[in-house]
Structure formats: C-alpha cells, structure tokens
Chemist: 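Please see the structure below; I have some questions.
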Amino acid sequence: MARRLRPVELDFVDSAPLRLVFAAEVGAPPKVVYAALADDVAGWSCWFTGVARSAATHGGAGREVRLTGGTRFTETVLAAEPDAHYAYRVDTTNAPGLRALLEDWRLTPAGGGTRLRWTFAADGPAPFRSLLALARPSLGHAFRQSARALDRRLTRS
C-alpha cells in the first residue's frame, strides 16, 4: 500500500539526515545527458539499474517509477534546468521506513562529456538510515553501472 511521504523542497538535498553522493563521467555533452534524464523518462528502464518501468506524468512535472523488486514511487519534479540540473522528490511509495526522499542530478561539462553527480537525500527512522548507509557501496555500484549503461546508450544514439 502506498504511503505519502513528507513533502520536501530542493534545500533538503543539503539538510537531509542521510545524503549519499555519487559521481561519474559520461562521454555525451550535458544537453544530451539532460534529455535522457528529463525528456526520456520512459527510457530509464533501459539504463538505470533496478528500474523496471518509468513514465512522465502531469506533462513532465511528475514521474511514476517501478523498481524490479516491486517498489513503486510517485514523484514531483522540483528542478528542470536544461543541461544542468534535474531533481525530484518522492511523494508516495510502498517502501517501508522512508519518510522523505529527494534525488538530485547535477550535470557539468567535463571535456567533451558530462560529469554527472547524483545525490540521494533521505530521511527515515535511525535503523532505516543505518541500513541505507550500509547499502552505500551497493548504491554506488548500481550508479556506476547505470552511468556506463547510459554512456553506451547515448553513444549509440
């Protein structure tokens, strides 16, 4: 059953009780990477590890995401700055323990490509935050795999 999470704003990325930050570089320029993040939401399942289905809602102002294990999210896009910044918060989920979640993607030029920084900002009870902190290596691995898959996908395009 879906539960409503605490609605947070962009400043949560700096104040969240748990912040996991990952970075990678991809060969495509920021404009192309941004389009893959913000405009081709349905394409996330082709490159982001664990995403089974994703769809834009409300004319691109929201998203619905389903992970391979059955976890579901409805999200609101909070930042959509072409070629630079894409962020969204989770409004409802069936994931237990989560109180608030915001994901923040920053893109900066890096040579002929893009440096991609993903911040996973979350809140939940102390045991939940501890489990997420322990999952940091796995999330980092999934992010790096996803960045490589995105790079391959964008190189083929």
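Just so we're clear, the structure is a prediction, and the values are computed from it rather than from any experiment. We number each residue from 1, following the sequence as shown.
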Chemist: Does one hydrophobic cluster hold both F143 and V13, with members joined at side-chain heavy-atom distances below 4.5 Å?
Modeler: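 No, because F143 and V13 fall into different hydrophobic clusters, even though each may have its own neighbours under 4.5 Å.
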Chemist: Step through the shown structure and confirm whether more than 12 heavy atoms of other residues, nucleotides or ligands are within 6.0 Å of CZ on R66.
Modeler: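 Result for CZ/R66: open.
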Chemist: Quick one: closest heavy-atom pair of W44 and L37, and the distance?
Modeler: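 Where W44 meets L37 most closely, the heavy atoms are NE1-O, 3.0 Å.
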Chemist: For the backbone of G124 and the side chain of R129, can you confirm whether one donor and one acceptor N or O come within less than 3.5 Å of each other?
Modeler: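 Yes, because the side chain of R129 sits within donor-acceptor range (under 3.5 Å) of the backbone of G124.
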Chemist: Using the rule that Ile, Leu, Val, Met, Phe, Trp and Tyr join whenever any side-chain heavy atoms are under 4.5 Å apart, tell me whether L20 and V8 fall into a single cluster.
Modeler: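 Looking at the clustering, V8 is in a separate group from L20.
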Chemist: Regarding S54 and S45, do their side chains bring together a donor and an acceptor under 3.5 Å, going by distance alone?
Modeler: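 Looking only at side-chain atoms, S45 and S54 do not form any donor-acceptor pair under 3.5 Å.
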Chemist: Rounded to the nearest 0.5 Å, what separates atom OH in Y88 from atom OG1 in T76?
Modeler: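 So the gap between those two atoms works out to 12.5 Å.
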Chemist: Under a single-linkage rule joining Ile, Leu, Val, Met, Phe, Trp and Tyr whose side-chain heavy atoms are separated by less than 4.5 Å, which residues share a cluster with V21?
Modeler: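 When side chains under 4.5 Å apart are linked, V21 ends up in no cluster with other residues.
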Chemist: Sequence neighbours excluded, which residues qualify as ring pair (Phe, Tyr, Trp, His ring centres under 6.0 Å) partners of F128?
Modeler: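 Once residues adjacent in sequence are excluded, F128 has no partner under the ring pair (Phe, Tyr, Trp, His ring centres under 6.0 Å) criterion.
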Chemist: Please determine whether residues L132 and V65 belong to a single hydrophobic cluster, defined as Ile, Leu, Val, Met, Phe, Trp and Tyr linked transitively by side-chain heavy-atom distances below 4.5 Å.
Modeler: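 Yes, one cluster joins them.
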Chemist: Donor-acceptor pair, distance only, cut-off 3.5 Å: does the side chain of N94 make one with the backbone of G70?
Modeler: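 At least one qualifying donor-acceptor pair exists.
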Chemist: Looking only at atom types and distance, does a side-chain atom of T93 sit under 3.5 Å from a main-chain N or O of R72, one as donor and one as acceptor?
Modeler: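 Indeed, once roles are kept as given, a pair shorter than 3.5 Å links the two residues.
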Chemist: Checking K31 against T114 for the side chain to side chain contact (heavy atoms under 4.5 Å, CB included) test, could you report, in this order, the C-alpha distance in whole Å, the side-chain angles of both residues, the deciding distance, and whether it holds?
Modeler: CA-CA 9 Å; K31 179 177 185 164; T114 303; over 6 Å; no
Chemist: For the CG atom of L102 and the CG atom of L10, what is their distance to the nearest 0.5 Å?
Modeler: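 Nearest 0.5 Å value for the CG-CG distance: 6.5 Å.
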Chemist: What are the two closest heavy atoms between F12 and A100, and how far apart are they?
Modeler: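 Looking at all heavy atoms of both residues, the shortest contact is CZ-CB, 3.9 Å.
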Chemist: Quick check on side chain to side chain contact (heavy atoms under 4.5 Å, CB included): which of T49, V51, D151 does S146 satisfy it with?
Modeler: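 It is T49, the one option of T49, V51, D151 that forms the side chain to side chain contact (heavy atoms under 4.5 Å, CB included) with S146.
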Chemist: Can you give me the closest heavy-atom contact between A95 and T71, atom names plus distance?
Modeler: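 Shortest heavy-atom contact: CB-CG2, 3.9 Å.
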Chemist: Could you tell me whether the side chain of R144 and the main chain of G140 form a donor-acceptor pair under 3.5 Å?
Modeler: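 Yes; at least one donor-acceptor contact below 3.5 Å.
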Chemist: Run through E81, R117, R115 and flag the one making a side chain to side chain contact (heavy atoms under 4.5 Å, CB included) with R106.
Modeler: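 Among the candidates, only R117 passes.
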Chemist: Run E75 and V41 through side chain to side chain contact (heavy atoms under 4.5 Å, CB included) and show every step you take.
Modeler: CA-CA 12 Å; E75 304 167 339; V41 174; over 6 Å; no
Chemist: Do you know the tightest heavy-atom contact between L139 and F22?
Modeler: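 Looks like CB-CZ, 3.9 Å.
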Chemist: Just wondering, do L98 and R3 contact through their side chains at under 4.5 Å, heavy atoms?
Modeler: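 Result yes, sub-4.5 Å side-chain heavy-atom pair found.
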Chemist: What distance separates R136 CZ from L131 CG, expressed to the nearest 0.5 Å?
Modeler: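 CG of L131 is found 15.5 Å from CZ of R136.
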Chemist: Can you tell me how far apart CG (L101) and CG (D91) are? Round to the nearest 0.5 Å.
Modeler: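 If we round to the nearest 0.5 Å, L101:CG and D91:CG are 10.5 Å apart.
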Chemist: Looking at A36 and L150, what are the two nearest heavy atoms and their distance?
Modeler: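 Taking A36 first and L150 second, the nearest heavy atoms are CB-CD1, 3.8 Å.
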Chemist: Checking T57 side chain against R63 main chain: does a donor-acceptor pair fall under 3.5 Å?
Modeler: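 Checking the backbone N and O of R63 against the side chain of T57, a donor-acceptor pair under 3.5 Å is found.
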Chemist: How long is the span from the CZ atom in F120 to the CG atom in L18, to the nearest 0.5 Å?
Modeler: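 Reported value, rounded in 0.5 Å steps: 7.5 Å.
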Chemist: Between W105 and Y34, does any side-chain donor sit less than 3.5 Å from a side-chain acceptor?
Modeler: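 Looking only at side-chain atoms, Y34 and W105 do not form any donor-acceptor pair under 3.5 Å.
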